[in-house]
Amino acid sequence: VQTCALPILRSETLRCRVNGQEQTLALTSAATLLHVLRNDCGLNSPRLGCGLGQCGACTVWVDGVAARSCCIPALEMQGRDITTLEGLAAELKVVPESFVQAQAAQCGYCLNGMVMMAAQLLRDQPDPSDADIVRALSANVCRCGTHVEIMAAVRLAARRIQGRKA
């Protein structure tokens with residue numbers, strides 16, 4: 001009889017900031033950032049899609065840069081600043097609002113990643129071209145095909161951020 005060696009799971013403490021709030025969490029070494037955000041912090045915007053970091057449903061910002069939370073070991077977030085859709089700065093709240101107004105969702109599963117990537121783009125480049133928007137969102141998967149509406153939502157958010165009449 002051949003036996004399998006099970007990994008030894010350590011319990012460790014994670015100290016980080018989530019949406020500006022200091023967090024101290026007891027975790028096992030196997031915990032992913034996505035599971036910690038959803039299960040320990042009660043944040044529902046990042047979603048488990050592919051589990052491989054390829055679809056974008058789990059996108060969050062780590063120290064202001066987009067990251068796929070489903071494949072990041074949570075303990076690697078020691079001392080880091082994590083931002084989810086719930087924690088977007090006030091000036092970027094127009095991004096999810098614009099997605100709603102432009103009806104840029106069917107099933108809604110991809111929206112977290114699309115909004116987080118669009119918000120990062122608009123934070124760094126408030127007046128993007130269509131090519132910039134496509135490039136920024138190209139690694140996110142929308143299975144429903146609402147790409148036209150998603151593009152319209154990002155354009156609308158850009159106009160609002162710039163103070164133009166939407």
Side-chain angles (χ1 to χ4, degrees), residues 7 9 14 16-20 23 25 27-78 80-89 92-126 128-158 160-161:
L9 299 178
L14 171 65
C16 63
R17 281 169 309 290
V18 177
N19 297 332
Q23 299 286 330
L25 305 162
L27 310 174
T28 66
S29 55
T32 65
L33 178 56
L34 175 64
H35 289 111
V36 169
L37 292 171
R38 289 185 65 84
N39 299 339
D40 297 310
C41 298
L43 300 168
N44 293 320
S45 60
R47 296 190 170 112
L48 179 62
C50 66
L52 301 170
Q54 295 178 353
C55 74
C58 66
T59 302
V60 298
W61 294 349
V62 176
D63 297 330
V65 178
R68 305 298 169 96
S69 64
C70 71
C71 55
I72 298 174
L75 290 172
E76 288 184 10
M77 297 295 100
Q78 206 66 256
R80 309 289 291 271
D81 189 21
I82 299 145
T83 305
T84 67
L85 182 67
E86 292 92 342
L88 283 180
L92 292 173
K93 290 289 186 188
V94 298
V95 180
E97 292 166 2
S98 296
F99 272 68
V100 171
Q101 185 173 348
Q103 298 180 350
Q106 279 187 1
C107 80
Y109 214 83
C110 71
L111 283 188
N112 173 72
M114 293 290 189
V115 170
M116 292 302 288
M117 293 304 295
Q120 180 175 283
L121 170 67
L122 297 173
R123 179 196 65 199
D124 299 340
Q125 188 177 350
S129 67
D130 283 354
D132 295 327
I133 297 169
V134 168
R135 193 171 22 263
L137 302 180
S138 65
N140 288 63
V141 177
C142 172
R143 293 169 181 89
C144 299
T146 60
H147 298 91
V148 171
E149 292 85 356
I150 289 169
M151 291 288 294
V154 178
R155 286 188 213 106
L156 176 61
R160 287 179 169 171
I161 286 171

Side chains of [X] and [Y]: closer than 4.5 Å at any heavy-atom pair?
X      : Y      : answer
Leu92  : Ile161 : yes
Asn44  : Asn112 : no
Ile82  : Asn19  : no
Met117 : Trp61  : no
Leu27  : Asp40  : yes
Val134 : Met151 : yes

On a heavy-atom basis, which atom in [X] and which in [Y] lie closest, and how many Å separate them?
X      : Y      : value
Val141 : Cys110 : O-CB, 3.2 Å
Gly108 : Arg47  : O-NH1, 2.9 Å
Leu48  : Tyr109 : O-OH, 2.6 Å
Pro126 : Ala158 : O-CB, 3.7 Å
Pro128 : Ile133 : CG-CG1, 3.9 Å
Thr32  : His35  : OG1-ND1, 2.6 Å

About how many Å separate [atom2] of [Y] and [atom1] of [X], when rounded to the nearest 0.5 Å?
X      : Y      : atom1 : atom2 : value
Gln106 : Arg143 : CD    : CZ    : 13.5 Å
Leu137 : Arg135 : CG    : CZ    : 11.0 Å
Leu111 : Thr59  : CG    : OG1   : 12.0 Å
Thr146 : Glu149 : OG1   : CD    : 5.5 Å
Gln23  : Leu37  : CD    : CG    : 9.0 Å
Arg80  : Cys16  : CZ    : SG    : 10.0 Å

- [ ] Assess whether side-chain contact (heavy atoms from CB on, under 4.5 Å) is satisfied between Ile150 and Asn140, documenting all intermediate values.
- [x] CA-CA 11 Å; Ile150 289 169; Asn140 288 63; over 6 Å; no
Open item on the list: Set out, in order, the CA-CA distance, both residues' side-chain angles and the distance that settles side-chain contact (heavy atoms from CB on, under 4.5 Å) for Glu97 and Arg160, then state yes or no.
Closed with: CA-CA 10 Å; Glu97 292 166 2; Arg160 287 179 169 171; 4.1 Å; yes
TODO: Inspect the surroundings of CD in Gln78 and state if more than 12 heavy atoms from other residues, nucleotides or ligands are less than 6.0 Å away.
DONE: yes
Open item on the list: Show, in sequence, the C-alpha distance, side-chain angles and deciding distance for Val62 and Asp81, and conclude whether the side-chain contact (heavy atoms from CB on, under 4.5 Å) test is met.
Closed with: CA-CA 6 Å; Val62 176; Asp81 189 21; over 6 Å; no
Task: Expected output: side-chain Arg68 to main-chain Leu52 donor-acceptor under 3.5 Å - done: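 A pair under 3.5 Å: no.
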